[in-house]
Each structure stands twice: as C-alpha cells, then as structure tokens.
Protein chains: 2
Amino acid sequence: MAEGNTGGESLLFLTDEQLRKGIEAMFFAYRGFTADPDRILEGMDYGRAHHRAIHFIHRSPGTTVSNLLGILGVTKQSLNRVLRTLIDDGLVEARVGKDDKRERNLHLTAKGQELERQLSDAQRARMRAAYRAAGPAAVQGFRTVLEAMMDPEMRRQYQSLREGEK
Amino acid sequence: MAEGNTGGESLLFLTDEQLRKGIEAMFFAYRGFTADPDRILEGMDYGRAHHRAIHFIHRSPGTTVSNLLGILGVTKQSLNRVLRTLIDDGLVEARVGKDDKRERNLHLTAKGQELERQLSDAQRARMRAAYRAAGPAAVQGFRTVLEAMMDPEMRRQYQSLREGEK
DNA sequence: AATTTACGTCAGCCTTGTTGACTTTCCAAG
DNA sequence: CTTGGAAAGTCAACAAGGCTGACGTAAATT
C-alpha cells in the first residue's frame, strides 16, 4: 500500500523498520562483496588487508605511504606489515620519491598486477551481476545512498579518486 | 554526455570503471556504516562482534545459538566467546529451550536492550540522514542492488527476517 | 541401546588492528 | 649551517576476533 508514493513528500521510507532493513542489507551484502577475493586469497599468505593495499596502489600508481594511510584509515605500523610482505614478495615496488626523497612512490610489479587483476575480476564479476540484475536506475540510487552514508572525509577521498568520470 | 540514457538498454553502467566506483563506494560507505557503533563500543569491553550478536538477538528474540551461527557465519567457538561475556555481564539471557532442552533461547535483558537501543539509534541516525539526502527512489535502488549482491544463502537469511514488511 | 544433535569449553594459532618508543632521512625555516 | 619537524621504517607488546581440533554433556532421535 502507498507503494506508488515515492514522489518525495512521503516519509514512509524513513521508518525505523525500513532503516533496520537497510542496515541488515549492508551487513549481508558486504559479506558477499568480500567473499570472492577472500576465497582467492585464502591459501596464499595474504588477506583482506593485502587486497585493499593492492587495490588502491593499482588505482593510484605512484601514491605515497601517507596517502595510502589516509585512504585505508589504519596505522602506519599496520600498513607497513602488509606492505612489507608485498614488497618482499615482489608484488609492490617502493620507489624513493624524486622530488621528496623521504616519500616512497608505490607501484605494482607485473606480478602484483597479475594478482590485482585476478582479485578485481572476481569482485567485478559479482558487482556486474548485481548491477545487471538491478538495472541502471537502481545502480544510480545505490551509489547515491552509499555516498551519503560516508563520513565527509571519506567522501572526499572517494570523490578525489574519480578523475576521468563521464 | 549520454547522461540521460538510463532507460534500460544502455549498458554504460556496466563498464569496469563504473564497477570499480561501486566497489570503492562499498568500501568507504561500510566504514561510515560501522563508525558510530564502533565509537560507542570502544572503551566498553565490547566490539563489533558483540554488536552483531546483540542486533540479531534483538531482531529475533528467542533465537537459538545454531540459528545465530548461521546468520553471523562464524564458528561456535568464536560466537561463544562473545555470547559468554554478554551473558556474564547480564546483557543477554540464555533460557533452556522448552520443547527441545538442548537448545538455548537467547533474549536481551533490560540492560541489553538499553545498549542495543543506544547502538541502533546511532546507526539508524546515519542511515536516516543518508536516506533523507538520497530520497525514496535512490533508497529503493540501494536495497535492490545490495540484495542482488548477497550470496543466495545470505539472501535467504535476509529475506526470512522480513516478516511484517509493508 | 546407540547415535546424532545442540551446546559449551579448553588450547592453540593467525590476521589485522592498536600504542609506544626509537631511528634515519630529509626538507625547510631560522 | 643548524635545527626542528615531517616522512618513513622498525621493534616490541598487546587485543579483538576469526580459525581448527579435541573433548564433554545432556537431550533427542532412531
């Protein structure tokens, strides 16, 4: 009932019950979201933290450690442990900064790009299936709500990574 | 350009670039999603795992341990550690099953409900703000995509918790 | 009577987060 | 030129919260 009333003045979508459903949807969907990469990584010596580092280095090649710390929201000690193994295993290269030699510019090696591709292929496949099933209008709404849900600082990070958007 | 073309036959929303944006939106939004309860719980002896247990016990009063295991997707040892502290601290009550005395029916005590309210108020507040900012149509799309992203088993769990939906 | 189920628990391990302290390197301002 | 502070790396210790394996008990089922 009142299903057609989505014109804007209806506030039925703001009931506690609707909000709780949204909360649970986030919980269950996030599980699916991470499931495929987790499966790939289990058995390797890597975990979700490695995936995140690889993702954002791929996304912004040459990014610095500080920059990555800001994006991932962890301590440098925590990130360093992850980065250390990736560098030692030859998946990530840390080049001394040209202008500021204190900085390290991070890049994926060929081997690192191979794993990145494997992980993001899996994650994109699920995303693609969900998008296709839901349709373009739903996808638009999906992105709008997620963006509104972010902390302002995270929203900045998210948006600043969007050069080249159509 | 081509912005208006969201009519259904356009597949622009399925490009790798669009998918990657969706992936990052999930990552950043989930951080926001958990930020407020995390803040409340830090300092107490509890964490996100306790929050999840409290949420679903509140959601399905009288639920059994096995049932909760299925929803949360963790091992009984992991859940037990969390449940143990909640019971010892008087937030959760475990009543011996009436029909089947092997089962434990879990309920929140008054004290448990107090914490649950505090946590879910905070989480709902963010959700409400996001929903309000995005509008009813976006919320509809948000839920549709999230549901499509779940593993089939999780989708069952999600939907089976929806009695009483309008 | 034997087996299965539901739950609890002990012990040990791993990942990934934390704090605190310290060093090295380097840029930039005094 | 010296010095203060930022950037990065590292060591140590710890905690939360996952995991496996093994074992025990009570109750239900066969």
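Keep in mind that this is a model prediction, so the values were computed, not measured. The chains referred to below are lettered A, B, ... by the order of the sequence lines, with proteins before strands, and numbering in each begins at 1.
- Within the structure, every side-chain polar atom (N or O) of B:R104 is placed at least 4.0 Å from both OP1 and OP2 of C:dT5.
- D:dT25 atom P lies 19 Å from atom NZ of B:K101, rounded to whole Å.
- Judged by atom type and distance alone, B:R81 reaches the base of D:dG18 through a side-chain donor-acceptor pair under 3.5 Å.
- In this structure, A:L68 places its CG atom 15 Å from P of D:dA7, rounding to the nearest Å.
- The closest donor-acceptor contact from the side chain of B:R48 to the backbone of B:D38 lies at 3.5 Å or more, if one exists at all.
- Taking only side-chain nitrogens and oxygens, A:R84 comes nearer than 4.0 Å to OP1 or OP2 of D:dT10.
- Put simply, CE on B:M44 is 15 Å from P on D:dA16, counting in whole angstrom units.
- Rounded to whole Å, the distance from CG on B:D100 to P on C:dT4 is 17 Å.
- In this structure, A:Y46 places its OH atom 16 Å from C1' of C:dC14, rounding to the nearest Å.
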Practice prompt. Report the C-alpha separation of B:I40 and B:Y46 in whole Å, then their side-chain angles, then the decisive distance to 0.1 Å, and conclude whether the side-chain contact (heavy atoms from CB on, under 4.5 Å) test is met.
Written response: CA-CA 9 Å; B:I40 292 171; B:Y46 306 131; over 6 Å; no
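- The side chain of A:N80 lies closest to D:dG9, out of D:dG18, C:dG17, D:dG9.
- If A:D45 and A:K98 are placed on DNA chain C by their nearest nucleotide, the residue sitting closer to the 5' end is A:D45.
- C:dT25 atom P lies 22 Å from atom CZ of A:R95, rounded to whole Å.
- Salt-bridge formation is not detected for the pair B:R31/A:D151: no Lys NZ or Arg NE/NH1/NH2 atom is positioned less than 4.0 Å from an Asp or Glu carboxylate oxygen.
- Counting heavy atoms from C-beta outward, B:M26 and A:L146 have side chains that approach closer than 4.5 Å.
- In this structure, B:D99 places its CG atom 14 Å from P of C:dA6, rounding to the nearest Å.
- Salt bridge status for A:R117 with A:E114: present, with a side-chain N to carboxylate O gap under 4.0 Å.
- In this structure, A:H50 reaches the C:dT16 phosphate: one of its side-chain N or O atoms is under 4.0 Å from OP1 or OP2.
- Across the protein-nucleic acid pair, B:K76 atom NZ and D:dT20 atom C1' stand 12 Å apart, rounded to whole Å.
- Taking 3.5 Å as the limit, the base of D:dG21 and the side chain of B:Q77 contain a donor-acceptor pair of atoms between them.
- Checking the phosphate oxygens (OP1, OP2) of D:dC19, a side-chain nitrogen or oxygen of B:T75 falls inside 4.0 Å.
- A donor N or O paired with an acceptor N or O is found under 3.5 Å between the base of C:dT5 and the side-chain atoms of B:R102.
- Comparing D:dA7, D:dG17, C:dG17 by their nearest atom to the side chain of A:A49 picks out C:dG17.
- Between B:R48 and D:dG17, a side-chain N or O to OP1/OP2 separation shorter than 4.0 Å is absent.
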